Amino acid sequence: MLKVADLVRDYPEFRLQAGFTVGEGEFFSLLGPSGCGKTTLLRLISGLERPENGRIILNEQDVTDLPPSRRRIGLVFQDYALFPHMTVEENVGYGLAVQNVPVTERNKRIRRLLEQFEIGQLARREVGQLSGGERQRVALARALAPEPLVVLLDEPFSALDYGLRRRLREELRLLQRRIGFTAVFVTHHQEDALALSDRLAVMANGRILQVGSPKEVYERPESLEVAGLLGEANLLPGRVEESTEAEVRVMLGNVELVGIPGGKERLTVGQPVWVLVRPEGWTIHETGLVARVVGWEYLGHSTVYLVEGGAWSGRVLAGNGEEVVAVGQEVRLAIRPGQARVFARED
Amino acid sequence: MRSNRACWGLLIFIGFYLPFVVVLLGAFAEPWPRWAAFFSSPVFLRALAFSLAQAVVSAAGSLLVALPGAYFLGNYSFPGKRLVRSLLVIPFVLPGILVVLGLIVFYGRNGTLNGWLETLGAGFRFTGLYGWPGIILAHILYNFPLGVRAISESWEGLDPAYREASSVLGAHRWQTFCRVTLPLLLPAVTYSFLMAFVYSFLSFTVVLVLGGLRFRTFEVLIYTVLNKRLDFSAARMFAAAQFALLAGLLLITHRLSRSLRHGLQVVRHLPGLSWRQSKLGMLGFLNYLVLIGIFFGGPLAGILGRSFRERGLPDTPLTLANYRALLEPGFHYLAGKDFWIITGVSLLLALTAGLVCTALAYWGARRESSLSSDRWDLLAQAPLGVSFLTFTLGVYTLAGQWLPPLAQVFWAQVFLGFPLVYARLRLAREELGDELLEAAAVLGADPRRRWRDIEWPLLRPALGTGFAYATALALGDLSAVLVLGEGQVTTLPVAIYRLIGQYRFPQALALGTVFVLCATLLFLGIEVWARMDWRRKGATKDA
């Protein structure tokens, strides 16, 4: 188990402050935009950088002051950092060699790993001759060879095209489930984080904003910032008509909407709010908010309508089986049950 | 770590900058009336006029010779292109005295060229070697490869989309060339011109031998006033004046080279150059290669060929007499020392200086620095980019009284190759990056192991090349040994210089060939060592 407790690292114009726990065998992701501090966090956990404050606990042992070579952490770099002057098996066996694991045992472990990763036939290859997918597998096998307590992955798909990215993502998830290693995965790509993680942490400006399962964080964001970082968000301005712990009634002009309170604080009657609705949270209906279609994007499996509703504009996702709406046409939009979340708004 | 950094900084300051600073401070301490007299002296004015004029003509000539080569190299791919590229670095390490010797063999009174002219019944002979034409020829030979390299790389890196956009917009080929290609090549062209100008302005050996008493650059004057008149004050003033003239240019060339490096972004697939595809292009290219081969390769090949001819003359029987003469007692009186001592001292001195230079540069290149690498590069190149003679003068001022001549020569030679080696190693270290070392650290390797397993094997080729350059430059150095050796240190270039001075060309040719042989063996040995696959050995040992 990995516990990151109140870790602080200061830079001249930036402060990283984070804490989270990752359970054994869990796939945990750190998701955030470039420059939010997620790679720094990974470097702090691996010991390549030192924190000003806070502790890093790995399987009950405080490793904060240990050098990277003694932490028992595996790290898969963004572009894999495979040693170019070594073959595949030398790369995979490097961690074992520096730990002076006896040769027979070392070779046995290298072979087992290469077989597990289905790259046994590449053992003697130079790393320069490998494809993107093969490189990822070698990097992962190398990180796993010394049997680390946790494997950190730093945006390993960032330089890949969409098709390869999807394939490698599936492969990584399967391998992680099969071998059962604990993983901390850093990405700025929400689809990767949603598809891979058991749990994820959304980061911005050096802080963790929310931690939860992908479904929780996507469907129940605790702030507008999280909602904006994870998926698309339509924001509709309104005022609270009635507020309970479980439900908020909001007036948008003369239309009443029912939503779930988004933040932790209780909303008061008359308070200005934003109503957040995901594009897939709407249905085109006979009653509801009036909006005009100003454009559309055909996506194959669905169509996104760009709509304007006076004080707001947004995107509405419609399945392709639904009736086609022409640009300029007026539509009425209803919100699917439980799909609106209400957040306080500064007036 | 910090004390390590400070230690390196101090060493570089004392060894590299202090000699230079001492000379400049000494010059600026001269009273103003002396400066006024100096600036209006005919010696200064003549040297200034000659240096400027020959440098402009040499640079323009180098550019003219370089442009066709740059065009072929930058626009076509052909078998052996990599070899041609690597041959272009030879002038960096080619000792001036060897170039001069080659020119004498090819363009001299009894040279190959005059032989051909006679055979062709031309009715005239080329007699301008000792003077302007010879000096310009030597400078072009030295500098045109630099232009070919810089301009062809720039040409190769030009995004074809610019040209395509221009032609789609309706421009003809020549309009596209004038309005799109040429302006984009201008930084590389300017850079090549300025570098050739600076190198020609700083020319020492070529002008020392071929210029006689009539043509002298500042470098030659510094040596002459020191050697003949022991006039330190005049030497310092020449050095300071030269510095003032060149410092600005050095800054401009540095800026240009930086912008050239940043400009190289496109790796484009070049069309092949073949007889079938472009007869005209192929004909032009072959013509260019033949002309360059004859007029610039000829002199160097001539040294080797003529060293095996009786009295070093063409069309005489083959003989080893010139080599035997190196081992005869008379050689000692001509060259100053016995052949074996000269060769041994040269090799030992060059290898030690090369090793220390490479070690110093590597130590510096490993350091984390708060200065950007660009600034460091400028700082590292500053003193020698301005003048090696000034540097040796500084070494003499600082250590002439208490260090034996051999040690002074060693000091100067250590730093002769420093800027080049430092730049090479710094680039290699930057290319290596930190990630591989961090990957090794996370996998459990301690600092010693990280160095042994990752840094050393990956930097070894660059270290080898750096060491080879440093050694070759030290081996070919003439100025430091002439200024600091006080007649007591004799190396191969000095011996060749003395032999030429006494018109003993046959022995000079044999010694020149020995020099080429030593340098080639050194280079090959170091390259083989650097690129040898030690990894398998290491892996077996581990296993």
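Given the structure is predicted, the values throughout are model-derived calculations rather than measurements. Just so it is clear: chains get the letters A, B, ... in the order the sequence lines come, proteins before strands, and each one is counted from 1.
The nearest pair of heavy atoms linking B:G444 to A:V98 is C-CG2, 3.7 Å. A:S69 and B:A445 make their closest contact through CB-O, 3.7 Å (heavy atoms, listed as atom of the first residue, atom of the second, distance).
Counting non-hydrogen atoms of neighbouring residues, nucleotides and ligands closer than 6.0 angstrom, the NZ atom of B:K81 exceeds 12 such neighbours. Other residues, nucleotides and ligands contribute over 12 non-hydrogen atoms within 6.0 Å of the CZ atom of A:F14. Within 6.0 Å of CG in A:N59 there are more than 12 heavy atoms belonging to other residues, nucleotides or ligands. Around the CD atom of A:Q129, the shell of radius 6.0 Å holds more than 12 heavy atoms that belong to other residues, nucleotides or ligands. Counting non-hydrogen atoms of other residues, nucleotides and ligands closer than 6.0 Å to CZ of A:R178 gives a total above 12. For CZ of A:R70, the number of neighbouring non-hydrogen atoms (other residues, nucleotides, ligands) closer than 6.0 Å is 12 at most.
Side-chain contact check for A:R71 versus B:V442: every heavy-atom pair is 4.5 Å or farther apart. For the pair A:Y94/B:R449, a side-chain contact is recorded, criterion being any heavy-atom separation below 4.5 Å from C-beta on. No side-chain heavy atom of A:Q99 sits under 4.5 Å from any side-chain heavy atom of B:L443.
The line from CD of B:E435 to CG of A:L82 is 10.0 Å long, rounded to the nearest 0.5 Å. Atom-to-atom distance recorded for A:M86:CE and B:L458:CG is 8.0 Å, nearest 0.5 angstrom.
With a 4.5 Å cut-off on non-hydrogen atoms, A:L48 touches chain B through its side chain but not through its backbone. Interface remark: A:R142 contributes backbone and side-chain atoms alike to the contact with chain B (heavy atom separation under 4.5 Å). The contact between A:F83 and chain B is made by backbone and side chain atoms together, counting heavy-atom distances below 4.5 Å. Neither the backbone nor the side chain of A:L152 comes within contact range of chain B, judged by heavy atoms closer than 4.5 Å.
If you tally non-hydrogen atom pairs under 4.5 Å between each of A:P68, A:G95, A:A145 and chain B, the highest count goes to A:P68.
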